[in-house]
Number of protein chains: 2
Amino acid sequence: MDRSLPLVTAPTAAPVRRDAARNREALLAAANALIAEGGVAALTMDAVACRAGVGKGTLFRRFGTREGLMATLLDESERRWQEAAMSGPPPLGPGAPARDRLLAFAGSRLEEHVRQDALIRAAGTTWGDNQSVIGFHVLHVRHLLLEAGITGDATYPATVLVTMVSPPVLRQQLDAARLTPSRVLTGWTDLLDRLLPAD
Amino acid sequence: MDRSLPLVTAPTAAPVRRDAARNREALLAAANALIAEGGVAALTMDAVACRAGVGKGTLFRRFGTREGLMATLLDESERRWQEAAMSGPPPLGPGAPARDRLLAFAGSRLEEHVRQDALIRAAGTTWGDNQSVIGFHVLHVRHLLLEAGITGDATYPATVLVTMVSPPVLRQQLDAARLTPSRVLTGWTDLLDRLLPAD
DNA sequence: GGTCGAAACGGACCGCGGTCCGCTTCTATT
DNA sequence: AATAGAAGCGGACCGCGGTCCGTTTCGACC
């Protein structure tokens with residue numbers, strides 16, 4: 001682990017009561033199963049509650065809204081990604097040159113966002129505008145930019161680079177503009193090299 | 001008008017029948033009135049139909065979904081913006097130096113997106129991922145970048161600059177990162193000057 | 001083990017988005 | 001003007017997200 005940053009916060013405080021914790025896990029398992037079987041559209045709140053063998057009120061008490069439930073599912077994989085970025089193998093994890101890690105960052109986020117696209121869309125702004133996730137990515141990239149020797153303010157360039165592989169921007173480029181993933185990464189790399197000092 | 005680009009396409013083909021056209025206008029007027037009175041939350045499909053004096057089926061036939069209705073409302077103001085950018089007064093319209101027009105573009109989009117934020121959020125991906133709008137902006141900025149003498153590929157930098165004043169990115173910067181609008185524009189200007197050749 | 005307050009549970013209930021289909025209205029054609 | 005048939009219309013109906021509140025369960029403390 002190359003530094004300490006707050007990981008994505010637990011969106012719902014861990015329940016204290018035993019039954020509450022058990023139900024929480026049952027609900028998440030049911031939600032994952034439903035998505036695996038029938039896609040995001042199959043994730044109805046009634047179905048989740050029924051499959052988990054609990055009442056609907058319990059489900060809503062735990063996750064607030066359908067989008068909140070989705071955000072929790074996304075947080076799970078985000079947590080795994082963040083661990084990989086902080087203490088996993090290079091080039092995404094520590095141990096590789098900063099520029100290589102930056103490229104790995106872009107490729108990895110692109111892959112993740114394409115893989116989870118349906119769920120991210122359905123979660124709407126609840127997840128997409130998540131401050132802690134974006135904030136983590138910006139700090140991560142900013143750290144690597146500084147390590148790579150960027151001159152001047154690093155926060156805005158970091159924001160730019162993170163933004164350019166964010167879900168809405170990728171959708172625009174991949175779907176609307178009909179670009180291939182590798183073309184997107186080429187553009188991103190060019191942008192990175194314009195922002196870094198010429199070596 | 002400095003060039004010809006396709007304006008935002010009519011989202012719903014103009015009705016041929018007289019009564020259909022009349023109802024369409026009545027529905028849009030009702031929708032605008034409801035939003036003016038009670039915000040986006042007051043825009044229920046039943047209320048729009050009732051206020052316009054037509055049946056619910058007619059409303060859905062015309063606009064497809066609630067989001068589709070919102071997208072139509074947004075298209076109206078977008079059309080006005082595009083006219084201002086193509087044939088309005090400088091610096092947004094033609095007649096000013098390219099760099100000034102680019103700054104005017106950023107400021108104008110920021111203002112527009114902040115003003116319409118609630119509606120844009122509520123419209124979801126129906127409007128936000130709108131290819132024709134984003135495509136228009138990218139072409140506009142790309143044109144100005146070339147006029148300003150950018151070297152190399154201009155499309156990706158144009159996409160970057162457009163993206164950085166898009167609604168989700170602005171929300172992240174203004175709400176989550178607590179930046180002021182002028183700070184955002186400063187960052188944008190810096191980015192622009194990094195992308196343009198040093199003069 | 002008994003007691004008690006708080007936390008969690010569950011399912012009836014509500015409002016809204018969206019669909020469906022029989023009825024009405026318009027306009028092209030003669 | 002009459003006609004025909006396509007386009008438009010309307011509102012009953014449905015499913016799902018979300019709420020509410022009386023009931024149940026947990027576990028801390030005695």
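By convention in this document, chain letters (A, B, ...) are assigned in the order of the sequence lines, proteins followed by strands, and residues within each chain are numbered from 1.
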(message) Under the salt bridge (Lys or Arg N to Asp or Glu O under 4.0 Å) definition, can you give me all pairs with a residue in residues 27-45 of chain B, not counting sequence neighbours?
(response) B:Glu37-B:Arg51
(request) Evaluate the side-chain proximity of B:Arg171 to B:His113: yes if any heavy-atom separation is below 4.5 Å, no if none is. (result) no
To the nearest Å, give me how far apart [atom1] ([X]) and [atom2] ([N]) are.
X	N	atom1	atom2	result
A:Asp19	C:dC9	CG	P	5 Å
A:Asp46	D:dG15	CG	P	11 Å
A:Arg51	C:dG10	CZ	P	18 Å
B:Glu67	C:dC16	CD	P	17 Å
B:Asn23	C:dT25	CG	C1'	11 Å
B:Arg18	C:dA28	CZ	C1'	13 Å
B:Leu59	C:dC20	CG	P	16 Å
B:Lys56	C:dT19	NZ	C1'	9 Å

(request) State whether the distance check finds a donor on one side and an acceptor on the other, under 3.5 Å, for side chain A:Arg17 versus base C:dA8. (result) no
Which nucleotide sits closest to the side chain of [X]: [options]?
X	options	result
A:Arg66	D:dC9, C:dG17, D:dG17	D:dG17
B:Val54	C:dG17, D:dG10, D:dG8	D:dG10
A:Thr65	C:dG17, D:dG18, D:dG8	D:dG18
B:Thr44	D:dG17, C:dC16, D:dG27	C:dC16
B:Phe60	C:dG18, D:dG27, C:dT27	C:dG18

(request) Check whether the side chains of B:Glu78 and B:His137 place a donor and an acceptor atom closer than 3.5 Å, and report yes or no. (result) yes
(message) With a 4.0 Å limit, can you tell me whether A:Arg61 has a side-chain N or O closer than that to the phosphate oxygens OP1/OP2 of C:dG10?
(response) no
(message) Any base atoms under 4.0 Å from B:Thr58, or only sugar-phosphate, or nothing? Heavy atoms, all strands.
(response) base
(message) Under 4.0 Å, counting only non-hydrogen atoms across every strand here, what does B:Leu43 touch: a base, just sugar-phosphate, or nothing?
(response) sugar-phosphate
(message) Check this for me, if you would: do A:Asp190 and A:Arg194 make a salt bridge, where the nitrogen-to-carboxylate-oxygen distance has to be below 4.0 angstrom?
(response) no
(message) Both conditions, 6.0 Å and 45 degrees, for the charged tip of B:Arg109 above the ring of B:Trp81: are they met here?
(response) yes
